Amino acid sequence: MRHLVMIAAIPALLVACATPQDRCIRAAQADLRDLDAQIADVESALAQGYRVIPAQEGLTRISLCAWPREPVLFCTQSVQRPRSEAREAIDRQAEQTRLQDLRQRRAELVVQTTHRVSACQVP
């Protein structure tokens with residue numbers, strides 16, 4: 001158990017060891033990473049012809065709970081259970097338009113990100 005705690009603490013220690021410059025660069029590139037993820041999603045949807053949508057099923061579980069002051073009490077608990085994923089057909093023309101818009105925004109964002117990263121550089 002102690003080894004498990006030590007292993008779980010390693011990523012936190014590595015993040016804490018990052019220099020301020022590294023944290024600044026990572027923050028400056030966050031928007032670009034998000035946009036790249038959106039572009040990859042649209043490209044994947046275009047290649048497959050559909051988009052995979054993860055589905056969750058929400059349930060409320062009711063049980064009897066015994067408390068020290070009261071003899072019986074009803075307790076509720078919300079439970080999320082994953083179901084099979086749903087496939088949603090895409091509108092190819094709309095996705096192509098969205099992809100072009102995302103790529104254009106990416107080109108603009110690369111310039112902004114370059115300026116932000118250069119501002120993070122230590123003189």
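Only a predicted model underlies this, so the values are computations on that prediction, with no experimental measurement involved.
Legend: residues meeting side chain to side chain donor-acceptor pair (under 3.5 Å) with Gln112, ordered by chain and number and at least two apart, are absent. Remark: Thr97 pairs with Gln93, Asp101 by the side-chain contact (heavy atoms from CB on, under 4.5 Å) rule, at least two apart or across chains. The salt bridge (Lys or Arg N to Asp or Glu O under 4.0 Å) test applied to Arg106 returns Asp36, not counting sequence neighbours. Applying the side-chain contact (heavy atoms from CB on, under 4.5 Å) criterion to Asp31, with sequence neighbours excluded, gives Leu109, Arg116. Contacts of Gln21 classified as side-chain contact (heavy atoms from CB on, under 4.5 Å), with partners at least two apart in sequence or in another chain: Thr19, Ile25, Gln121, Val122. With sequence neighbours excluded, the residues that form a side-chain contact (heavy atoms from CB on, under 4.5 Å) with Arg105 are Leu35, Gln38, Leu102.
Checked by atom type and distance alone, the side chain of Ser44 never pairs as donor or acceptor with a backbone atom of Asp41 at under 3.5 Å. With hydrogens and angles ignored, the 3.5 Å screen pairs a side-chain donor or acceptor of Thr114 with a backbone N or O of Val110. A donor-acceptor pair is defined here as one N or O able to donate and one able to accept, closer than 3.5 Å; such a pair exists between the side chain of Arg33 and the backbone of Arg26.
Between Gly49 and Arg92, the closest heavy-atom pair is CA-NH2, 3.6 Å.
In summary, of the residues considered (Leu46, Asp91, Val42, Ile39), a side chain to side chain contact (heavy atoms under 4.5 Å, CB included) with Arg98 occurs for Val42 alone.
Side-chain atoms of Arg87 and Gln48, non-hydrogen and from C-beta on, never get closer than 4.5 Å to each other.
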